[in-house]
Amino acid sequence: MKSYDHKKIERKWPQEKLTARRQKGAGFSRRKQALYDHIRIERKWQTKWSKDKIYKTKEDDRKEKFYMLDMFPYPSGEGLHVGHPKGYIATDIYSRFKRMQGKNVLHPMGFDAFGLPAENYALKTKTNPEVSVKTNIKRFKKQLEIIGLDYDWTREISTTDPSYYKWTQWIFLQLFKKGLAYESYEPINWCPVDKTGLANEDVENGRCERCGALVEKKPMRQWVLKITDYAEKLLEGLEKLDWPESIKDLQRNWIGKSEGAQIGFKVKGTGDSIEVFTTRADTLFGATYVVLAPEHALVEKLLPRLTNKEEIVRYIERSKKEAEIDRTAEGKEKTGVELKGVMAINPANNEEIPIWVADYVLGSYGTGAIMAVPAHDERDWKFAQKYNLPVRSVIEPCFTQISGLDAVRKDLPMVEREAIIAIVKHWKEEKYIVLRWKKVTWHTFVTGGIEEGQTPEQAAIMEIREETGYLHPMLVQDLGKSHGKFYHVQKQVNRFAHFHSMYFKLQDGEREEVLLEEKEKHEVIWLSKAEIEKHFSLDGGQSYVWKILQKEIATYTGEGILINSGNFSGTSSEKVKKKITESSGGKMVTKYKLRDWVFSRQRYWGEPIPLIHCEKCGVVAVPEKDLPVKLPKVKKYEPTGTGESPLAHISKWVNVKCPKCKGPGKRETNTMPQWAGSSWYWLRYMDPDNKKAFVDKKKEAYWSPVDFYVGGAEHATRHLIYARFWHKFLYEQKLVAKPEPFMKLQHVGLIMGEDGRKMSKRWGNVISPDTIVEKFGADSLRIYEMFMGPFDQAIAWNTNNLVGARRFIERVWSIQRKVLTDKKFMDATALRVLLHKTIKKVTEDIAAFKFNTAISQLMIFVNECERQEQLSLEIFKIFILLLAPFAPHASEELWAQYGEKSSVHRAPWPLYDATLLLAATVTLAVQINGRVRASISISPDTAQPEALALALSQPEVQRWVGGGSVRKVIYVPGKILSLVV
RNA sequence: GCCGGAGUGAUGAAAUUGGCAAACAUGCACGACUCAAAAUCGUGUGCUGAAAAGCUUGUGGGUUCAAGUCCCACCUCCGGCACCA
């Protein structure tokens, strides 16, 4: 997706200029409307289509079905802006196209209207949400209708309709009965402004996604759906879906699968054990302390044993108060307190290590406790530095070359060798010695092997002298050990080198001559720090040593060779994770970041959760025959802020008989979140009026799955995960036929305001489709929005460019005068070829959702028609068919004018004649030494000798070949002839 | 930090098994029509250059007869996640 630079746009289109342009009418004259009267034509056909119900869909076994779905809108009080219909126009085009290709197309529309935005709007305008939602839906629907969209409105649904939410409640009860809905008292995200609990998915950067208020942690009773049971299935299911890889990645990220080990650290002198989760069990020997999250249950349990009880209690109280956002803020200094008086035992080496409580460990992830390995983890390292905790290194880096000349060769054995890397600094300047290799494009520091009996330092001094000639290096710093596996080009063996890295400074510039043999290998150059870091890249090992010297690496977090790890020392870290885990009594486990779905809202405007609390029977489901549990009509529906929903105050509604024991019971007063209704709506469209089931099984089997789903990418981690979760559940209950709801997904790129910012009332850059439709016509709006650019890309609105779309339709209109109904008229072959090329391009581009290039091709065709004196009705009618999905009104009018009785939108899609597209001759570019110097006109099946002969006869070619001889000829028939002279 | 995406004229953009960069559209300039303006139509429009020609797809390198497209390194921007052990 192309990024959006709104500063750039603002520079070009300052507000005054935009306003002036709009007033001017952006270069479009009203007089022209007389020629093509969009208002009359669009109104006429919209009325007729609706009267004839040409888009009404029924199940039909003789035809192949195609289910095209839009993400249904949330009818806000502000109505649609021009950005909203972009996706709807695309699905409209696509579904018309599929219908013309003979598919039985289901393309429904509805409205999602429960939840915070509608309720907040109602509170603001002091109307009951039931009333305002109805008004908003009416307005939205009207706005969609004037664009000429092909929805089957007989299937319209609204999530707030009791006949709809009856089934939302019913599905919830199925989840409840299977134990997938449970009551929890855990602290959850609480929005203090909207006064409701929120799901993880509703929190963005620690703020409420709706209102931007800082989210607090608040313990309260709530209903939670066990989506985590489906984590693995949701992850696996992605594999088979034809979705953009980016959206799949967002979901994978959100689910956050992580495979690691769970290892117990016994608390000395108690029966307790601290279970930690780690992905780096290989570093277990380096665990020098363990850390518990402040909310970890064991902290409280150990409290009596502690000598600093008060301090701990204070720390925990403080961290509870802190908002999540502050606690996890970037760069925040870590804090923690040691649990004094208890020790944990590292199961790897039975060492006693301290136990800390610190808020950098999250209670909600893993086991809520970690083993800290400061030598090989950034966070632990920082914490250890601050509190002066011991650091033990257990891994030495190992770098394996996997690409390039020196990549390890699998067929050869490894030869081990002790070696050195020496970074040598100039005696005066801030420069370092680098060897520039002659036969390969490498740069390295001084390196070499260690001979028998040499110390690393001696070996380094010798290498410095041999390779650079400098006589007086002085060892300044030991940079530690690292390892490298690579192919030694000169020695032709795989080398497993164990490097001792050192930093030297030359005491003076005294130098002896370097042996010729060394000179041939490489050249000594002096480079500054910046040059080393910028102008060439060191390989993994060399750059590691450099970074150690620059103190850029405080702690090594990569893989390597184990040291200080008992029997495991010397082995490679990737391979021993499982062995170390098992030998320490741990087990391999899988953890997910995905949290269960907090499903209660303490607000009025949502589906009531259909449960009854009974003192005797506990929580009881409302019997199916009593569904829906209707949302009671109330005067006051402001949120209470107490953690109870406003429904709790309606005693008449709350107090009911327990369905089981007939004793006194109380209704659940929490309502469902906004995402509930949209988690199954595509199923209801298949059978919207069913009173006996949420969908008829046969109808569901016919229409499922949704073949193509189009909507905003912002729903990747909410709606699309919830919907897949519910669908998978229904599938397992054998209530639906397919395991996944949406086979193919495409996301819409936003339309930004003319100033490059998001279209919003706040910026005053909102453009309403109504005014555009009125002034330029729905067909112009449709074509413009599809022509703007790639469909999935964010693009700024530009009324100026819209004129081009209108002009295009007018040009189509004006071509009519050239159309001959005389059947004997023969079109020029070129026009006929272009027509078939156009059929091909438009067909393929619509299928690929590349509407911009499809329209471009239609424009090319129209421009060519303008150049013709006359053209046949036959050709023009085929063109109308191609135009129909894009400009349904204009093409229907033209279609009718030429005597067609039935709708163009029910006509069959044209096919192209492939034989016509095989051109007799093509223009072939002739390149000489990589430059195009001439072009020749030949048949694409000409053989090379003839083509070459023809090319050489061209004066241009002769001029460039000159006296030289042609050394090489590359001939790609129909594409290019390339000569090397 | 991690994951994903993008960078091409004045502007929106086009071009993918590597084969003539800038299709189509907007804008702009000039011309026709007009008393005039608008609209419409026509011509031109990447940069340098008088021309010949050269240069040009974020930067630097590489592979190739040929690179926007493939490889390596880097820069910038956008989206998402982020103390996730």
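Note that the structure is predicted; figures quoted are calculated from it, not measured.
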TODO: In plain terms, say whether A:Glu869 and A:Lys818 are close enough for a salt bridge, that is, a side-chain N and a carboxylate O under 4.0 Å apart.
DONE: no
[X] has a side chain; which of [options] sits nearest to it?
X	options	result
A:Arg931	B:G12, B:G19, B:G54	B:G54
A:Pro790	B:C65, B:A13, B:C3	B:A13
A:Val361	B:C20, B:G12, B:A85	B:A85
A:Lys593	B:C81, B:A14, B:G54	B:C81
A:Asp359	B:U26, B:A85, B:C83	B:C83
A:Ile795	B:G54, B:A85, B:G12	B:G12

Would you mind classifying the nucleic acid contact of [X] as base, sugar-phosphate or nothing, using non-hydrogen atoms under 4.0 angstrom?
X	value
A:Arg595	nothing
A:Ile370	base
A:Ile970	base
A:Val972	base
A:Ser258	sugar-phosphate
A:Asp380	nothing

Quantified in whole Å, what is the [atom1] atom distance between nucleotide [N] and nucleotide [M]?
N	M	atom1	result
B:A14	B:A25	C1'	11 Å
B:C47	B:A23	P	13 Å
B:U64	B:U17	C1'	16 Å

- [ ] Assert yes or no for the condition that the ring centre distance of A:Phe861 to A:Phe879 is strictly below 6.0 Å.
- [x] yes
Using only heavy-atom distances, determine whether the side chains of [X] and [Y] contain a donor-acceptor pair under 3.5 Å.
X	Y	value
A:Tyr784	A:Thr799	no
A:Asn200	A:Asn189	yes
A:Ser573	A:Glu559	yes

Open item on the list: My understanding is that a pair needs two contacts under 3.5 Å, Watson-Crick or G-U wobble. By that rule, which nucleotide pairs with B:C2?
Closed with: B:G80
TODO: Determine which nucleotide pairs with B:A32, using a 3.5 Å limit on both distances of a Watson-Crick or G-U wobble pair.
DONE: B:U40
Open item on the list: Between B:C24 and A:Ser856, counting only base atoms on the nucleotide and side-chain atoms on the residue, is there a donor-acceptor pair under 3.5 Å?
Closed with: no
Open item on the list: On the side chain of A:Gln927, is there an atom forming a donor-acceptor pair with the base of B:G19 - under 3.5 Å, no angle test?
Closed with: yes
Think [X] has a side-chain N or O under 4.0 angstrom from the OP1 or OP2 of [N]?
X	N	answer
A:Asn852	B:A14	yes
A:Tyr360	B:A85	no
A:Lys334	B:C83	no
A:Arg807	B:U40	yes

Whole angstrom is fine here: how far is it from [atom1] in [X] over to [atom2] in [N]?
X	N	atom1	atom2	answer
A:Glu810	B:C41	CD	C1'	13 Å
A:Asp845	B:A23	CG	C1'	12 Å
A:Leu979	B:U64	CG	P	19 Å

- [ ] Sort out for me which residue in A:Phe808, A:Trp813, A:Phe776 forms a ring-ring contact (aromatic ring centres under 6.0 Å, His included) with A:Tyr36.
- [x] A:Trp813
